[in-house]
Every structure is written in structure tokens, then in C-alpha cells.
2 protein chains.
Amino acid sequence: MTELAVSRKHGETRDKLLDAGLRLFSEKGFEGTSVMHIEAAVGLKPGNGSFYRHFKSKEALMEAVVRREIERVRSWRIAAAGFSTGERGREKYRQEFLQSLEAMEAIKDLINLLAREYGQGRFPELMAELRALLLDEGVSVFREEYRASMKQGVLREMDARILSSIMMSSLVGYHLANMYFGCEPGGVNREEFTEGLVELMMKQKGASS
Amino acid sequence: MTELAVSRKHGETRDKLLDAGLRLFSEKGFEGTSVMHIEAAVGLKPGNGSFYRHFKSKEALMEAVVRREIERVRSWRIAAAGFSTGERGREKYRQEFLQSLEAMEAIKDLINLLAREYGQGRFPELMAELRALLLDEGVSVFREEYRASMKQGVLREMDARILSSIMMSSLVGYHLANMYFGCEPGGVNREEFTEGLVELMMKQKGASS
DNA sequence: GTCTATAAGTAGATAGAC
DNA sequence: GTCTATCTACTTATAGAC
């Protein structure tokens, strides 16, 4: 184990390739991005295959890019275990919704890449992993939080499964509309939007049942 | 004006090319779809350029595909002017939400294509037109409907701009999660989801203010 | 670890026979 | 309106000098 043909720990260039790969695959899609383009982006002379000293193929770079992003998201999840602490109420939910939008913003390249490549059958296992991470885990965290809140009587009485699905879908839709169209849906900004979501979730003043 | 080099009204094959173009661009992206592939899909011998008797370039096909879809959506909009009639209430909104999801399903290839190509700078004017059609018009129809409903006192009192943005984002998010991940967010089906949206919108029993 | 050079394949597009 | 044949450019990837 002296030096693998294409070993795992190169230096700066490898990291630059991962960064450029994420950005370019996200912007132009996997097919739309050539290795020459990637090489040029990191300062290598394009078309001379120096890329292949770092990754054995374009597919290998794609896989490494997605795996690195998955790990990034995982480490955030662990760090943000503070989710279910603190006093439940308007302000807490408002901040959590804003944080969700910010988190999506932070991984927008990953989301974009996912949108482009998903369903094409190119990286099925990778895409399945992303789905589990982004969608399934996200909804389930929301759901458990809402269940706890309802017991405390701060939220309107409603199936927590459905409420969490709606809140999640809503944030996802808002983010994607923003991302793809570069504008806020209906001219409603983040603060108004998240405030509105909280308003809908909370028990209305004087509600009887 | 006897016969343009690549004239506008060919026959069956041209339509087949438009159909195949929509499907393939949506599935594999513009860059990911080769002219050979398109030719094969409509029964032409691939790689022999018969495609170019119908469209002067791959870009030209893309443009024609999107324009045809835009017209399709426009004609629906006109036909569905019945939106703002009928008795306002739970059942009406429930059906309208379901119809929105069905409409998105019906143009999912267009949406997918949009998601893939938007922001790449390849067809800027085309994408801007789509945005106006799908997002801006959609939200504004919702908004006016809600304004009218609030006056009648069936909806909770809330900024109609924000409510319509939330409802729209929510439907878009639900649809996209479904489309990209092939499953319902949080295992909530359409009926439950739309029912939940209505529940959130309506005035709660016994709400005072 | 980057460069020169180049192989082998595929892409978009055109000319002309039928 | 489809086919044969072909041009040019670009793509992924490799071999080997430095």
C-alpha cells in the first residue's frame, strides 16, 4: 500500500476538482460538463488529461462529489440536534423554518445536481441515498416535533403526518421556485413566508374544539 | 413562399419529433439527448441526419417543443376559466387543489425540462416565458380567489398574498418531491395532502377574531 | 503532479442519390 | 422525406516525457 494508481489522498488539486465538479455538474449537468471544462476550472491545461491522475473517470468524480456533500449534510444534522430543545412556540417555529430555508440554500448545488440527474438511471444508489437523507429524514424530524407540540396544545389539532408533509413540501416548493426562477413566489419574502407558515400551524385565537 | 428550406408544416414525422423531443429532453436533458437518439425514437435511421429535414438544429427542436407546450398550457387556462365560479367552501378548494396537482402531473415533462435547463443560460427568453406562465399567473389566480373568499368569511383572516404563496409553494413542493423521488412526501397521499391544505386554510371552529 | 501528444469514439450537421 | 456517406469538432481516456 505505497501508492495506489489513483490514490485517495492527493492534495489541493483534488479538492479543487471536487469543488469545481459540484458547481459545474450542478450548473450544466453531468453530460453537459466536459472533463476539459473541469480541468480548465481548476487551472489545469484543458484536454491533457491531468484530471485522470486524481479520478479514474468523470463518473468517479461525480460519485466523490455527491458522497462528500452527503457527509457534509450528515455532520450538520448531528450538530443541529438542538432542534428539539427550547420552548415551543411561534418564535421557535419561525426560526426553524428560516433555518430550513437557509439549509436548502446552503446545499442548493447538491439539490440542483439531484434534480438534473435523478431518474436518469445513471447513479441510482447514490440518488436513493440522497432521497433518504434529504426527504425522509427531514419529514420525520418535523413530524416528531409536531407530535410533541400538539400534546402541549400550542398547535392546531391535526394529523402530524399530514401537517409535517405540508410544511416540508411548502418549504421545498418555496426554495425551488426561488432557485429555478430567481424570484420569490408571489413576491413574498422569506420572513413573510415563514411567518405565514407559523400562523397557519398555530391554534387560532379563541378556537373552541 | 412555395416551400421554405425547413418549412413549418411537415407531416407526421415532425409531430413525432416534437413528442420524442419533449420526452427525451425531459428524461435526459438537452445535452444528454443526441440527435441520433431522437431519430431512433421516431423510427428514422440514426446518424443519417434525416432530422435536419424537419428542424434546422437541435436547438430549434427544443424551442419548438417548449413553444408547443406553452400553447397547450395557455389553451387549458382559457378553458378552465370556470375556476372562480361555484360555491366557495371546503369541497371547492379541495377539488381545486387536486386539479392543480393533476395539471402539474399533465405537464410534468415540461416542468422537468424546465428544471433541467433553467439557469444554464441556454434558452433565457423561453425560460422566462415559462416562468411567467407557470408561476406568476398561477399565484395571481390563487390570490384573487382567496381575496374574494376572505370577504365572504369562509377563510381564516390572513394576508391573501402570503396565503396564496404558501398554498402554491406547497403544491409545487409536493408535486416535485413526488416527481423526483417517486414517492409521496412523508407517505401522505394526494387526498390527505389536499384535505390538509383546506383544513389549514379554513377558519377554525369557534375562532373569535 | 502537470505537460505533450494522441488514440478511439461520438456529437452535430451537410451534400446528394433515390 | 429517408437513405448513404462524409466532414469537422469535440469528448473520454491513455502513454510517456519532465
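Please read these numbers as outputs of a predicted model, since none were measured by experiment. So you know, we letter chains A, B, ... as the sequences are listed, proteins then strands, and number each from 1. All heavy atoms count here, side chains included; hydrogens, waters and symmetry mates do not.
- For A/R161 (side chain) and B/G187 (main-chain N/O), a donor-acceptor pair under 3.5 Å exists by modelled atom type.
- For the ring pair (Phe, Tyr, Trp, His ring centres under 6.0 Å) test, residues two or more places apart in sequence or in another chain that qualify with A/F30 are A/F25, A/F123.
- Side-chain atoms of A/D109 never come within 3.5 Å of backbone atoms of A/S26 as a donor-acceptor pair (strictly under, hydrogens ignored).
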Inset, instruction - Spell out protein contact along nucleotides 13-18 of chain D as letters: B when the base is contacted, S when just the sugar-phosphate is, - when no protein heavy atom is under 4.0 Å; keep the 5' to 3' order. - result: BB-B--
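- For the pair B/L44 CG and D/dT4 P, the computed distance is 12 Å after rounding to whole Å.
- Distances from the side chain of A/S34 to the nucleotides D/dT2, D/dT11, C/dT2 place D/dT11 closest.
- In this model, no donor atom of one side chain and acceptor atom of the other lie less than 3.5 Å apart for A/Q95 and A/Q99.
- By the ring pair (Phe, Tyr, Trp, His ring centres under 6.0 Å) test, B/F193 pairs with B/Y174, sequence neighbours left out.
- The side chain of B/H54 places an N or O atom within less than 4.0 Å of a non-bridging phosphate oxygen (OP1 or OP2) of D/dT2.
- Residue A/F142 comes nearest to A/S164 through the heavy atom pair CB-CB, 3.8 Å, listed as atom of the first residue, atom of the second, then distance.
- Distance B/K45 NZ to D/dT6 P: 14 Å, rounded to the nearest Å.
- Following rounding to the nearest Å, A/R14 (CZ) and C/dT2 (P) show an atom-to-atom distance of 13 Å.
- Looking at the side chain of B/M36, the nearest of the listed nucleotides D/dT4, D/dT11, C/dA11 is C/dA11.
- In this structure, the CZ atom of A/F55 is 15 Å from the P atom of D/dT12, given to the nearest Å.
- C/dG12 atom P lies 12 Å from atom CG of B/L24, rounded to whole Å.
- Residue B/R122 contributes atom CZ, which lies 11 Å from atom C1' of C/dG12 at whole-angstrom precision.
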